[in-house]
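Labels below follow one simple rule: chain letters A, B, ... track the order of the sequence lines, proteins then strands, and each chain is numbered from 1.
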Amino acid sequence: MSHLLILVPFCCVIILNLPIRKVMRSLAPVAAIVLSLLQVVMVLCFDCHFWQTQFGIIGTFFKFNLVVDRLAILMLLCIGIVSFVTAVIARVLIKERKERFDFASLLLISLSALNGIVMVRDIFSLYVFLEIAAVISFILIAFKANLLAYEGAFKYIIFSAIASIFLLCGTSLLLITSGSTDFSLINASLTAQAFSPSIILAVGLFLVGLFIKAGVVPFHWWLPDAYSEAPSPVSVYLAGIVTKAVGVYALIRVAVSVFGMHKSICTVFLLLGAVTIVVGAVAAITQTDFKRMLSYSSISQVGYIILALGSASPLGIAAACFHLFNHAIFKSLLFVNAAAVELQTGTRDMDKVSGLSQRMPITGLTSVLGSLSCAGIPPLAGFWSKLLIVIALLSTGHFVYAVVAVLASVVTLGYFLVMQRKVFFGKISEEFSNIKEAGLGIVVPEIILAAITVGIGIFFPVILNRFILPLGG
Amino acid sequence: MSASAVYLFWIFGIFIVMLFSIGLYCILATFNLIRALIGVEILIKAVTLLIIVAGFLSGHTALTQSLVITMIVIEAVVMTIAVGIVLGIHKQNKSLDVRKIRSLKG
């Protein structure tokens, strides 16, 4: 029945856009919240009847080859949580009713596209869903309709189009060499024949396409502009899940089940991962814009995921997936904090605000939790995934990369502490002495996300053997 | 691959490489937003041709036909959004020159 995860949001958008405007306009934001919450509930009881049932008559019309495994379940959970948070804070942050309706419709289409990316087992279907998610992101980034937002969106369009061109070149070369677009058939034919120049070219082109979509360092130029100029709910959604599912998840899936973790691919992953971690962290130190700093931090964390993937051991792959999940949670949390600060003070410049913790205690506390988790401080969730990454690197003999990972973690702690000191600690300035805590619609998602981060950190010994280690396969 | 297939592949190959270089040159050399989009479009055309050749060489012509139709639809959607954003830029900036909208840096 996993088809329903794609079909229901899609049909919902069609129904919402029927010409009975008045009812539908108030219904759309609620529909987005309900559907994403439903997805979280469905995923949390993944032993239930829903996932095993075959799809009857409608299944004959939708011949997608959908497979739901442990990694896909994890990603579906992530998508559900982040979409729920986005839909909830959008009700507060987007003021006009028409815009709220548009946002909810776009969010639902994007939800169904992301669910598709997670479950498909076919290169071309993957491309189609990637492109749907990308088109929705273009519109969402340009949602504010000012010049800066247009500039960020245009950069993303050019980079994304070039990424699609790389992906399609790779697809067509794989089609020539293996005669199919199905994951398992391509994998079988790649392992059967030795690595010829055309296969290396095909794999290289495909990986470059996914690197651009994921924002890995030599291809990261679009990412800070797009994240920081998008409206706040969109930043949460893009940083939390869209680039992670579109770029990083697709990279993990393709590297593991199509290209089979060849040794040269792993070397590329290790090298690019280390460079991404360092460049992202160093660039984040110098930023003064809150959201821009978080974008560079996001680039740096993607580096950790790629680095863990490069160790090519089952533990490394499990650590990459676990860090992907943790990153989605704590980076959404930090972007929600940034949204709260921007909403209450009207600025994103970290030099202009100070001492907000006194007036916004919950935002201050949750942002401390989020940034400590991102920097890898025990017992929060981020610490455990970084520990697993370092152990995976050490056990496969990559000592230099392990040292880079640990040192960059210190830099991460550094820039987050600077951010905390500037924005939340210290004496409150005259200008902001009478601001209040953001409304319930922002505080509740903050508390939920912080609770997930702390909960996973504390109950890590329980979930390690049951959920995390089996992810490596 | 038979001899005629190799021959055909070279003919198509020359055109694909030509389209690729024209598209890349178009993107890299211009400062105009619309021209950059035209460059992207030419690159996509090159890829479309490559997929058709791939289908011919691997004997999956029916599969590649459906792929190419899907691709054309997606490409049209992407270009519609892109041109919409270029229109928005022109409305606010009264110019299509990339050098005048470089405000996001660092």
message: Parallel, tilted or perpendicular: which one describes the rings of A/F219 and A/F211, with boundaries at 30° and 60°?
response: parallel

field: Side chain / backbone / both / neither for A/L168 at chain B, heavy atoms under 4.5 Å
entry: both

message: Looking at chain B, which one of A/L173, A/N146, A/I139 has the largest number of heavy-atom pairs inside 4.5 Å, strictly under?
response: A/N146

- prompt: Do B/M71 and A/E131 come within less than 4.5 Å of each other through their side chains, counting heavy atoms only?
  reply: no

task: Between chain A and each of B/I27, B/V40, B/L33, count heavy-atom pairs under 4.5 Å; write down the option with the most.
output: B/L33

field: Top contributor to chain A interface from B/L37, B/V53, B/L63 [non-hydrogen pairs under 4.5 Å]
entry: B/L37

query: With only heavy atoms counted, which part of A/A145 is less than 4.5 Å from chain B, the side chain, the backbone, both or neither?
result: backbone

task: Select one option (side chain, backbone, both, neither) describing which atoms of A/I157 are under 4.5 Å from chain B's heavy atoms.
output: side chain

statement: Honestly, the part of B/T80 sitting under 4.5 Å from a heavy atom of chain A is neither

message: Between A/W222 and A/S160 (side chain of the first, backbone of the second, donor and acceptor by atom type, cut-off under 3.5 Å), is there such a pair?
response: no

field: Choice from B/L43, B/I74, B/L67, B/V77 maximising heavy atom contacts with chain A below 4.5 Å
entry: B/L67

message: For A/L174, is there any backbone N or O sitting under 3.5 Å from a side-chain donor or acceptor partner on A/S178?
response: yes

Check: A/Y127 ring centre within less than 6.0 Å of A/F124 ring centre: yes

Ring geometry between A/Y227 and A/F335 (parallel below 30°, tilted from 30 to 60°, perpendicular above 60°): perpendicular

message: Counting only non-hydrogen atoms closer than 4.5 Å, does B/V47 touch chain A with its backbone (N, CA, C, O), its side chain (CB onward), both, or neither?
response: side chain

task: Answer yes when A/D351 and A/K422 have at least one side-chain N-carboxylate O distance shorter than 4.0 Å, and no when they do not.
output: yes

task: Taking only Lys NZ, Arg NE, NH1 and NH2, and the carboxylate oxygens of Asp or Glu, determine whether A/K144 and A/E99 approach each other closer than 4.0 Å.
output: no

query: In terms of heavy-atom contacts, does CZ of A/F166 have more than 12 from other residues, nucleotides or ligands at under 6.0 Å?
result: no

Proximity of residues 84-91 of chain B to chain A, residues having a non-hydrogen atom under 4.5 angstrom: B/I85, B/V86, B/G88, B/I89

Would you mind writing out the side-chain donor-acceptor pairs for residues 9-24 of chain B within the sub-3.5 Å range, not counting sequence neighbours?
unit_1	atom_1	unit_2	atom_2	d
B/S21	OG	B/V17	O	2.8
B/S21	OG	B/M18	O	3.0

